[in-house]
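Taking it in order: structure first as structure tokens, then the write-up.
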Amino acid sequence: MSGKLKDRVAIVVGAGSSGPGWGNGKCTAITFAREGAKVFCVDLKRAAAEETVELIEKEVGKDVAVAFEANASHNVSVKAMVDVCMAKWGRIDILDNNVGIGSQGGPVELSEDEWHRVFDVNVKSFFLTAKHVLPIMEKQGKGAIVNVSSIASIRSPKGISYLAYNASKGAVNSLTMAIASQYAEKGIRCNAILPGLMHTPMIDFLAEQYAKSEKIITRPTRR
Ligand SMILES: NC(=O)c1ccc[n+]([C@@H]2O[C@H](COP(=O)([O-])OP(=O)(O)OC[C@H]3O[C@@H](n4cnc5c(N)ncnc54)[C@H](O)[C@@H]3O)[C@@H](O)[C@H]2O)c1
């Protein structure tokens, strides 16, 4: 442990994993704690956030992590998350926006409701967390926001469509650039990371969906 994040407070939104195994948020929360940060672990599923906290307590120690249940797509829930974190630790140095859901289908197959569901989770949540955290970072004169986008924001695999997911991650990139340029002079960084495919519970779920849905997608063809 290098202590690189000693005395820093991090909120990880989507700090659990959606099934057994390791999601990105769970890994990030534990890595932050190893580096010395206090970590506010937020997830839609309380048990998932608690599991991450237990892992941190076993490895790093007590009073380093807190589990909090919140729906990152709901304004009231996000405000409560920020208020409780501030009441506990009095500052927020890092906001890691990790929530994300995948959804299969192109423009013809995808329903309007599904389009909105994906954008609510993948984009609106990043807007809402920034809305409530940025005034705090501005007062501190520093802070860092990490938005988890995806390689899918700039690439689309041949023969399989995740239209809403791809478009939502493209929106995350634009939102990130807009926040970064507005807040750079105030000492606040905002970056997006674009991971490639990783074996997480979300991918297990999408692979299962893919296997069941030969009718609505075309499998990639080999030349
Ligand atoms: N796994 C990959 O290959 C891959 C590749 C590129 C980008 N990503 C991105 O990484 C991020 C994490 O994905 P993962 O694969 O670890 O998935 P995951 O499903 O294991 O983790 C996502 C977590 O977010 C939580 N969550 C979902 N909706 C929420 C909400 N409204 N409020 C609060 N919490 C919520 C889930 O309960 C879950 O614990 C996502 O943004 C995803 O798009 C994943």
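Note that ligands are numbered from 1 as they come in the structure, with each ligand's atoms numbered from 1 the same way. Residue indices begin at 1 and follow the sequence shown. Heavy atoms only: backbone and side chains are in, while hydrogens, waters and symmetry mates are out.
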In ligand 1, the atoms that come under 4.0 Å of a heavy atom of G16 are 39 (O)
Quick one: does A152 get within less than 4.0 Å of ligand 1, heavy atoms only? no
When distances are taken from atom 24 (O) of ligand 1, the protein heavy atom at minimum range is G14 CA, 3.6 Å
A72 heavy atoms within 4.0 Å reach ligand 1 at atoms 30 (C), 31 (N), 32 (N), 33 (C)
For atom 17 (O) of ligand 1, which protein heavy atom lies nearest, and how many Å away is it? M202 CB, 3.3 Å
Is there a donor-acceptor pair closer than 3.5 Å between any side-chain N or O of E114 and the backbone N or O of S103? no
Of the side chain and backbone of S149, name the one, both, or neither that has a heavy atom under 4.0 Å from an atom of ligand 1. backbone
If you look at every heavy atom in F32 and D96, which pair is closest and at what distance? CE1-CB, 4.1 Å
Has D93 got a side-chain atom pairing as donor or acceptor with A10's backbone, closer than 3.5 angstrom? no
List ligand 1 atoms under 4.0 Å from V148, heavy atoms only on the residue side. 9 (C), 10 (O), 11 (C), 41 (O)
Examine ligand 1 and decide if any of its atoms is less than 4.0 Å from a heavy atom belonging to N71. yes
In ligand 1, the atoms that come under 4.0 Å of a heavy atom of I203 are 1 (N), 2 (C), 3 (O)
Under 4.0 Å from ligand 1, counting heavy atoms only, is it the side chain of K169, its backbone, both or neither? side chain
Answer with side chain, backbone, both or neither: which part of V99 has a heavy atom less than 4.0 angstrom from an atom of ligand 1? both
Do you see a donor-acceptor pair shorter than 3.5 Å between the side chains of H199 and D204? yes
Which residue owns the protein heavy atom closest to atom 6 (C) of ligand 1, what's the atom, and how far is it? P195 O, 3.3 Å
Top protein contact for atom 18 (P) of ligand 1, by heavy-atom distance: S18 OG, 3.5 Å
State plainly whether the residues R8 and E35 are in salt-bridge range, i.e. N to O under 4.0 Å. no
Ligand-residue contact atoms, ligand 1 with N98, heavy atoms, under 4.0 Å: 10 (O), 11 (C), 12 (C), 40 (C), 41 (O)
At what distance is the nearest protein heavy atom to atom 15 (O) of ligand 1, and which residue and atom is it? T200 OG1, 2.4 Å
Distance from atom 16 (O) of ligand 1 to nearest protein heavy atom, with residue and atom: N24 N, 2.6 Å
State, to 0.1 Å, how close F126 and V99 come at their nearest heavy-atom pair, and which atoms those are. CE1-O, 3.5 Å
Backbone N/O of V66 and side chain of K88: donor-acceptor pair under 3.5 Å: no
D83 and K79 ion-paired at < 4.0 Å: yes
Should A70 be listed as contacting ligand 1, given a heavy-atom distance under 4.0 Å as the test? yes
Could you tell me which atoms of ligand 1, counted from 1 in the order shown, lie closer than 4.0 angstrom to a heavy atom of K45? 37 (O)
Sort out for me which residue in T176, N98, N173 forms a side-chain hydrogen bond (donor to acceptor under 3.5 Å, both in side chains) with N147. T176
Could you pull out, from G100, S150, C27, G196, the option with a heavy atom nearest to atom 5 (C) of ligand 1? G196
Flag, side chain of S149 to backbone of A192, donor-acceptor distance under 3.5 Å: no
How about NZ on K26, more than 12 heavy atoms from neighbouring residues, nucleotides or ligands closer than 6.0 Å, or not? yes
Checking N97 against T129: is there a side-chain donor and acceptor pair closer than 3.5 Å? yes
Side chain to side chain, Q140 and R91, heavy atoms closer than 4.5 Å: yes
For atom 37 (O) of ligand 1, grab the closest protein heavy atom and report residue, atom and distance to one decimal in Å. D43 OD1, 2.6 Å
Do the side chain of D120 and the main chain of S73 share a donor and acceptor less than 3.5 angstrom apart? no
Please determine if R46 and E50 form a salt bridge, counting it only when a charged side-chain N lies under 4.0 Å from a carboxylate O. yes
Under 4.0 Å, heavy atoms only, figure out whether ligand 1 is touched by the backbone of A48, its side chain, both or neither. neither
Could you tell me the residue and atom name of the protein heavy atom closest to atom 34 (N) of ligand 1, and the distance to it rounded to 0.1 Å? L44 N, 3.1 Å
Atoms in ligand 1 flagged as close to V121, the criterion being non-hydrogen separation under 4.0 Å: 28 (N)
Y165, portion touching ligand 1 at heavy-atom distance under 4.0 Å: side chain
Close approach, P201 and ligand 1, non-hydrogen under 4.0 angstrom: yes
State whether the shortest distance between N or O atoms of M198 and N or O atoms of ligand 1 falls below 3.5 angstrom. yes
Residues N122 and S168: side-chain donor-acceptor under 3.5 angstrom: yes
Give the numbers and elements of all ligand 1 atoms closer than 4.0 Å to a heavy atom of G23. 16 (O), 20 (O)
